S.K.: 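I'd like to ask some things about the structure below.
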Amino acid sequence: MDGPPHRLRRTDLPADTATLARFLIGKTLVHDHPAGRMSGRIVETEAYVVGDAAGHAFRGQTPRNRSLFLERGHAYVYFIYGCWHALNVSGESVGIGAGVLLRALEPLEGVELMQGRRGVERCVDIARGPGRLASAMDIDRRYDGIDLCRRGPLWLGSATRAVGRVGCSARIGISREIERKLRFFERDNAFVSGPRRPRTARSSR
DNA sequence: AGTGCGATTGACT
DNA sequence: GTCAATCGCACTA
């Protein structure tokens, strides 16, 4: 558990997409970049499951979303709002469109590199949010479709330390399937982008 | 061929 | 809290 991350194998990844999203909390995302290694602890994810009306695969496969239909453990990188990229890990198996959006990282290695790319002072602002995460890690459509479980510059690693309690809530910023609780996060972790506790009757008043 | 909008962010009131 | 930025894609026709 403790120590440098080792590459996750595809057989380590749960086939079920919601289970995968939960599984990835505490794991490591590593980018072996020309400028140096950048890595971070995954602290927030969202599952976009089979048949999910909020998922990009809902209307079937297109050139844009085809990576979601690859075997689990591939990167799906999309471009949104004209300025941001976001990284997903494909789920399920070949031909099934589902994936996990990586929403926030706790920076581990290459902190100064990522800080420089983002132009921020505070460590918590480096990768808190999917667009910031991709920007900090220099991830764009060039990485769309690559296998995160094979030798390559971008990969998933094991947890580097014990994982805290994992919370679950509704997903952020979607207009459909809003009742589903498919967002996962390490509770009380300052690097999480949104609410760090499920809403309760008390807290929403 | 034209239109509307999105799994967001940062600047501003 | 509000809102513009800015692009590709799905959808309509």
Side-chain angles (χ1 to χ4, degrees), chain A residues 16-25 29 40 42-70 72-92 96-105 107 114-145 148 154 156 167-186 190-196 198-199 203-205:
Chain A
D16 176 76
T17 300
T19 309
L20 175 63
R22 167 69 180 74
F23 168 87
L24 288 175
I25 299 297
L29 178 70
I42 299 168
V43 297
E44 182 182 353
T45 63
E46 284 178 357
Y48 288 84
V49 301
V50 178
D52 188 341
H56 288 183
F58 184 60
R59 294 174 205 281
Q61 187 172 335
T62 68
R64 174 212 191 195
N65 68 17
R66 63 183 189 86
S67 301
L68 280 175
F69 293 79
L70 299 173
R72 63 183 174 279
H74 287 75
Y76 165 52
V77 182
Y78 66 88
F79 186 63
I80 190 78
Y81 296 123
C83 31
W84 306 103
H85 293 273
L87 172 65
N88 295 243
V89 178
S90 67
E92 310 292 334
I96 301 180
V100 175
L101 173 67
L102 303 188
R103 289 194 56 93
L105 298 179
M114 295 190 280
Q115 250 168 347
R117 290 190 51 73
R118 291 270 302 112
V120 297
E121 292 283 327
R122 299 169 55 207
C123 202
V124 293
D125 291 329
I126 292 174
R128 189 187 55 186
R132 292 162 168 162
L133 185 160
S135 172
M137 281 269 200
D138 198 13
I139 292 167
D140 59 28
R141 288 280 285 175
R142 291 173 303 169
Y143 288 84
D144 183 55
L148 302 171
L154 188 64
L156 293 169
C168 172
S169 77
R171 294 171 292 184
I172 294 175
I174 60 168
S175 53
R176 294 190 282 186
E177 308 260 14
I178 56 177
E179 74 285 356
R180 303 184 83 156
K181 304 287 191 286
L182 290 170
R183 170 174 171 261
F184 301 89
F185 51 95
E186 187 172 43
F191 298 88
V192 168
S193 76
R196 275 176 270 156
R199 285 219 191 294
S203 69
S204 63
R205 272 196 55 82

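Since we're looking at a predicted model, the values are computed, not measured. Keep in mind that the numbers below use all heavy atoms, side chains included, and drop hydrogens, waters and symmetry copies. First the proteins, then the strands, lettered A, B, ... as listed; each starts at 1.
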S.K.: Arg103(A) and Ile172(A): side chain to side chain contact (heavy atoms under 4.5 Å, CB included), yes or no, with the steps?
M.R.: CA-CA 10 Å; Arg103(A) 289 194 56 93; Ile172(A) 294 175; 3.7 Å; yes

S.K.: What nucleotide, of dT9(B), dG6(B), dC9(C), holds the atom closest to the side chain of Ile80(A)?
M.R.: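 Closest nucleotide to the Ile80(A) side chain: dG6(B).
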
S.K.: Is the closest side-chain donor-acceptor distance between His56(A) and Tyr76(A) under 3.5 Å?
M.R.: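 There is such a pair between these side chains.
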
S.K.: Under 4.0 Å between any heavy atoms, over every strand shown, what does Arg171(A) touch: base, sugar-phosphate, or nothing? Just pick one.
M.R.: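 Answer is nothing: Arg171(A) stays at 4.0 Å or more from every strand.
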
S.K.: Whole-Å distance between dC9(C) P and Asp144(A) CG?
M.R.: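 Asp144(A) atom CG is separated from dC9(C) atom P by 10 Å.
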
S.K.: What nucleotide among dT6(C), dA10(C), dA7(B) has an atom nearest to a side-chain atom of Leu68(A)?
M.R.: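 Taking heavy atoms from C-beta onward, the closest nucleotide is dA7(B).
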
S.K.: Going by ring centres under 5.5 Å and near-parallel planes (under 30°), is Tyr48(A) stacked on dA7(B)?
M.R.: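 Check passed, Tyr48(A) stacks on base of dA7(B).
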
S.K.: OP1 or OP2 of dC11(C) less than 4.0 angstrom from a side-chain nitrogen or oxygen of Arg59(A), does that happen here?
M.R.: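 So the side-chain polar atoms of Arg59(A) do come within 4.0 Å of the phosphate oxygens OP1 or OP2 of dC11(C), strictly under.
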
S.K.: Expressed in angstrom and rounded to an integer, what is the separation of His85(A) atom NE2 from dT9(B) atom C1'?
M.R.: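 Result: 14 Å.
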
S.K.: Here's a test for you: under side chain to side chain contact (heavy atoms under 4.5 Å, CB included), which of Leu24(A), Ile25(A), Val100(A) qualifies with Phe184(A)?
M.R.: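 Exactly one candidate clears the test, Ile25(A).
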
S.K.: Just how far, in rounded Å, is C1' of dA10(C) from CZ of Arg66(A)?
M.R.: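 Rounding to the nearest Å, CZ of Arg66(A) and C1' of dA10(C) are 18 Å apart.
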
S.K.: Using atom P in both nucleotides, what's the gap between dA4(C) and dG4(B) to the nearest angstrom?
M.R.: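 Their P atoms lie roughly 16 Å apart.
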
S.K.: Any side-chain N or O of Arg103(A) below 4.0 angstrom from OP1/OP2 of dT8(B)?
M.R.: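 Looking at the OP1 and OP2 atoms of dT8(B), one of them is under 4.0 Å from a side-chain N or O of Arg103(A).
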
S.K.: What is the nucleic acid contact for Ala54(A), judged by heavy atoms within less than 4.0 Å: base, sugar-phosphate only, or nothing?
M.R.: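 The answer is base, as Ala54(A) lies within the cut-off (heavy atoms under 4.0 Å) of a base atom.
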
S.K.: Look at the side-chain N and O atoms of Arg118(A) and state whether any lies under 4.0 Å from the OP1 or OP2 oxygen of dG10(B).
M.R.: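 So the side-chain polar atoms of Arg118(A) do come within 4.0 Å of the phosphate oxygens OP1 or OP2 of dG10(B), strictly under.
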
S.K.: Return the value, rounded to whole Å, for the distance between atom CG of Asp125(A) and atom P of dA11(B).
M.R.: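 Those two atoms, CG and P, are 11 Å apart.
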
S.K.: Quick check for you: among dA10(C), dT9(B), dA7(B), whose closest atom lies nearest to any side-chain atom of Trp84(A)?
M.R.: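 Of the candidates, dT9(B) comes closest.
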
S.K.: Would you mind reporting whether Arg180(A) and Val49(A) have side-chain heavy atoms less than 4.5 Å apart?
M.R.: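 Val49(A) reaches Arg180(A) side chain to side chain.
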
S.K.: Please pick, from dA7(B), dA10(C), dG8(C), the nucleotide with the shortest atom-to-atom distance to any side-chain atom of Phe79(A).
M.R.: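 Minimum distance to the Phe79(A) side chain belongs to dG8(C).
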
S.K.: Counting only side-chain heavy atoms from C-beta out, which of dC11(C), dC9(C), dT6(C) sits nearest to Cys83(A)?
M.R.: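 That would be dT6(C).
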
S.K.: Considering only atom C1', compute the distance from dC5(B) to dC3(C) and round it to an integer number of Å.
M.R.: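 The same atom, C1', in both gives a distance of 15 Å.
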
S.K.: If only atom types and distance count, is the side chain of Glu92(A) paired as donor or acceptor with the main-chain N or O of Thr17(A) below 3.5 Å?
M.R.: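 At least one qualifying donor-acceptor pair exists.
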
S.K.: Write down the distance between CZ (Arg122(A)) and C1' (dG10(B)), rounded to a whole number of angstrom.
M.R.: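 It is 14 Å, rounded to the nearest whole Å.
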
S.K.: Please check the phosphate of dA10(C) (OP1 and OP2 only) for any side-chain N or O of Thr62(A) closer than 4.0 Å.
M.R.: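 Answer yes for this pair, as a side-chain N or O of Thr62(A) is under 4.0 Å from OP1 or OP2.
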
S.K.: Measuring from the side chain of Arg132(A) (C-beta onward, heavy atoms only), which nucleotide among dA10(C), dG10(B), dT8(B) has the closest atom?
M.R.: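 Nearest nucleotide to the side chain: dG10(B).
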
S.K.: Can you tell me the distance, in whole Å, between the OH atom of Tyr81(A) and the C1' atom of dT8(B)?
M.R.: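 Taking OH of Tyr81(A) and C1' of dT8(B), I get 6 Å after rounding.
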
S.K.: Please state how far atom OH in Tyr78(A) lies from atom P in dT6(C), giving the value in whole angstrom units.
M.R.: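 Rounding to the nearest Å, OH of Tyr78(A) and P of dT6(C) are 20 Å apart.
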
S.K.: In whole angstroms, how far is the C1' atom of dG10(B) from the CD atom of Glu121(A)?
M.R.: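 It works out to 16 Å between those atoms.
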
S.K.: So what's dG2(B) paired with, Watson-Crick or G-U wobble, going by both distances under 3.5 Å?
M.R.: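 Base partner found: dC11(C).
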
S.K.: Checking Arg118(A) against Ser135(A): is there a side-chain donor and acceptor pair closer than 3.5 Å?
M.R.: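 Judged by distance alone, the side chains do not pair up.
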
S.K.: Counting any heavy atom closer than 4.0 Å, what does Asn88(A) reach on the DNA or RNA strands: base, sugar-phosphate only, or nothing?
M.R.: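 If one applies the 4.0 Å heavy-atom cut-off, Asn88(A) turns out to touch a base.
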
